[in-house]
Amino acid sequence: ILKPFLAEGVTLLAAAPKAGKTTLMRQIAAAVNCGSEVFGEKCAKGDVLFLSLEEGELLFREKLKVMEMPEEDVRGIRLEFEWPQAARGVDRLRDWCKGRSGEKPNALIIIDSLARFRLTPPSKANIYMEDYNALKSLADLCKEFPGVAICVLHHTTKANHDDPLACISGSHGLTAAVDGYMVLTRKANEFKLHAGGRLWPLDNQDFTIARSGQRWSMNGVFDRAASAASLKQRQILELLRDGAKSNSVLCEVTGQEKSAMSHMLSAMERAGLVQRQVNGWVALH
């Protein structure tokens, strides 16, 4: 559907509330509907079913207006704001898949969100199996209908983890049941999209994306070293990219003492963020 992020099967997209995951899926839904690009990649044109179970119709329409989405890009997308849960919901999805005209070989189903679609697990249930089974039925549905991709939106936890998958709310049963996953995280003003799964074709799994005008765009491979930099170090990197080179110029702009600036630049050099040259410093990230 969208190489390499959305393939046939079930993909879990997790992010914190209000991080923009629904906005991203609106953008992808429109691109699949009309065969346009997202992240510089052309989407396979297909039927789109969008289960907007978190947002009501009025809010969804307002979001589309803010995105300035052309009417022709969304005409033909089926929007549903109420849908049965769990097995009954999967049966309705099966009916939709059977009822497709067949003119387009591909189809994208978006479920926003997992919490609205699944049943609440019993208090004494095996959480791993409950999480696994909540998505297994959707994965089985995709096997029935080749060319169908399902993206399920979910939340991350507030805890900070080095492993993006550990940020996904729930047990490992969720990621075990799906074919692919995307985790959208934010640190300072930088957004990282971590993606992977059974059929992930790339060595790299981390990307930097940016949000502008209610649209997401790709900024390239995620830079772990630059992301780990402090706010002061980020300011230094920006100044170096803009042409500043000497300690004196950096001190003048930032207001830092020369000794403090020297210590910071030395630390950044050890971290591989900057490099000393004859005429000053240059940013490596």
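Residues take their numbers from the sequence shown, with the count starting at 1. It should be emphasised that the depicted structure is a prediction, and the values quoted were computed from it without experimental measurement.
Side chain of Q256 to main chain of C251: no donor-acceptor pair is present (N/O by atom type, distance under 3.5 Å, no hydrogens or angles). Checked by atom type and distance alone, the side chain of S113 never pairs as donor or acceptor with a backbone atom of H154 at under 3.5 Å. Of the possible donor and acceptor atoms, one in the side chain of R215 sits under 3.5 Å from a partner among the backbone N and O of M67. Distance alone, capped at 3.5 Å, is enough to place a donor-acceptor pair between the D179 side chain and the V10 backbone. Between the side chain of N133 and the backbone N or O of M129, at least one donor-acceptor pair lies under 3.5 Å. A donor-acceptor contact shorter than 3.5 Å is absent between the side chain of W281 and the backbone of R276. Side chain of N33 to backbone of R75: a donor-acceptor contact under 3.5 angstrom is found. A donor-acceptor pair under 3.5 Å is absent between the side-chain atoms of D112 and the main chain of L153, judged by distance alone. A donor-acceptor pair under 3.5 Å links the side-chain atoms of Q205 to the main chain of A195, judged by distance alone.
Heavy-atom contacts from other residues, nucleotides or ligands closer than 6.0 Å to CD of E72 number more than 12. Atom CD of E80 has more than 12 heavy atoms from other residues, nucleotides or ligands within 6.0 Å. Remark: K136 NZ is loosely packed, at most 12 non-hydrogen atoms of other residues, nucleotides or ligands lying under 6.0 Å away. The number of heavy-atom neighbours closer than 6.0 Å to CD of Q277, taken from other residues, nucleotides and ligands shown, is above 12. Remark: K258 NZ is loosely packed, at most 12 non-hydrogen atoms of other residues, nucleotides or ligands lying under 6.0 Å away. Atom CD of E144 is surrounded by more than 12 heavy atoms from other residues, nucleotides or ligands within 6.0 Å.
Side-chain heavy atoms closer than 4.5 Å link hydrophobic residues (I, L, V, M, F, W, Y) into clusters, and following such links, even through other members, never connects V178 to I127. Under the 4.5 Å side-chain heavy-atom criterion for grouping Ile, Leu, Val, Met, Phe, Trp and Tyr, F191 is connected to I28 within one hydrophobic cluster. Note on F5 and V48: same hydrophobic cluster, where clusters join Ile, Leu, Val, Met, Phe, Trp and Tyr whose side-chain heavy atoms are under 4.5 Å apart, directly or indirectly. In the hydrophobic clustering of ILVMFWY residues, with side-chain heavy atoms under 4.5 Å counting as a link, I110 and L49 come out apart. The cluster map of Ile, Leu, Val, Met, Phe, Trp and Tyr, joined by side-chain heavy atoms under 4.5 Å apart, puts F117 and V152 in the same cluster.
The closest side-chain heavy-atom distance from W216 to T23 is below 4.5 Å. Between L108 and L2, every side-chain heavy-atom pair lies at or beyond the 4.5 Å cut-off. Side chains of E54 and R116 form a contact here, defined as non-hydrogen atoms less than 4.5 Å apart. Between I236 and M268, the closest side-chain pair of non-hydrogen atoms falls below 4.5 Å. With a 4.5 Å cut-off on side-chain heavy atoms, I150 and L138 count as touching. Put simply, the side chain of R118 reaches to within 4.5 Å of the side chain of E130, judged on heavy atoms. Two residues are said to be in side-chain contact when any heavy atoms from C-beta on lie closer than 4.5 Å; N219 and I209 fail this criterion. Residues E8 and K143 are not in side-chain contact: their nearest non-hydrogen atoms beyond the backbone lie 4.5 Å or more apart.
If you take CE on M69 and CD on Q27, they are separated by 7.0 Å, rounding to the nearest 0.5 Å. Atom OG1 of T157 sits about 9.5 Å away from atom CD1 of I168, to the nearest 0.5 Å. Rounded to the nearest 0.5 angstrom, H155 NE2 and C167 SG are separated by 14.0 Å. Taken to the nearest 0.5 Å, the CD1 atom of I1 stands 13.0 Å off from the NZ atom of K45. To the nearest 0.5 Å, atoms NZ (K63) and OG (S52) are separated by 10.5 Å. Atom CG of D73 is separated from atom OG of S36 by 5.5 Å, given to the nearest 0.5 angstrom.
With respect to E190 and K187, no salt bridge is recorded, no charged nitrogen being found less than 4.0 Å from a carboxylate O. Using a 4.0 Å cut-off between a side-chain N of Lys or Arg and a carboxylate O of Asp or Glu, D47 and R78 do not qualify as a salt bridge. A salt bridge links R26 with E55; the closest basic N to acidic carboxylate O contact falls under 4.0 Å. Comment: E238 engages R241 in a salt bridge, judged by a side-chain N to carboxylate O separation of less than 4.0 angstrom. Under a 4.0 Å N-O distance rule, the pair R88/D91 does not qualify as a salt bridge.
Taking every heavy atom of both residues into account, M25 and L6 meet most closely at CE-CD1, 4.2 Å. Heavy-atom minimum distance, V38 versus A31: CG2-CB, 3.4 Å. The minimum heavy-atom distance linking C151 with L13 is given by the pair SG-CB, 3.9 Å. P4 and W200 get closest at one heavy-atom pair: O-CZ3, 3.1 Å. Contact between A30 and V74 at its shortest, heavy atoms only, is CB-CG1, 4.3 Å. When every heavy atom of E103 is checked against every heavy atom of P105, the shortest pair comes out as O-CD, 3.9 Å.
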> Please walk me through it: do R100 and V148 pass side chain to side chain contact (heavy atoms under 4.5 Å, CB included)?
Replying inline: CA-CA 11 Å; R100 292 174 57 220; V148 172; 4.1 Å; yes
For L93 and F145: C-alpha separation, side-chain torsions, deciding distance, then whether side chain to side chain contact (heavy atoms under 4.5 Å, CB included) applies. CA-CA 11 Å; L93 292 177; F145 299 95; over 6 Å; no
- Let me see the working for Y181 and L174 under side chain to side chain contact (heavy atoms under 4.5 Å, CB included), right down to the final yes or no. CA-CA 10 Å; Y181 50 79; L174 294 177; over 6 Å; no
Review point. Between V90 and Q85, is a side chain to side chain contact (heavy atoms under 4.5 Å, CB included) present by the stated rule, with each step listed?
Key: CA-CA 8 Å; V90 174; Q85 290 178 292; over 6 Å; no
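Aromatic ring pairs are classed by plane angle as parallel below 30°, tilted from 30° to 60° and perpendicular above 60°; the pair F60 and F81 is perpendicular.
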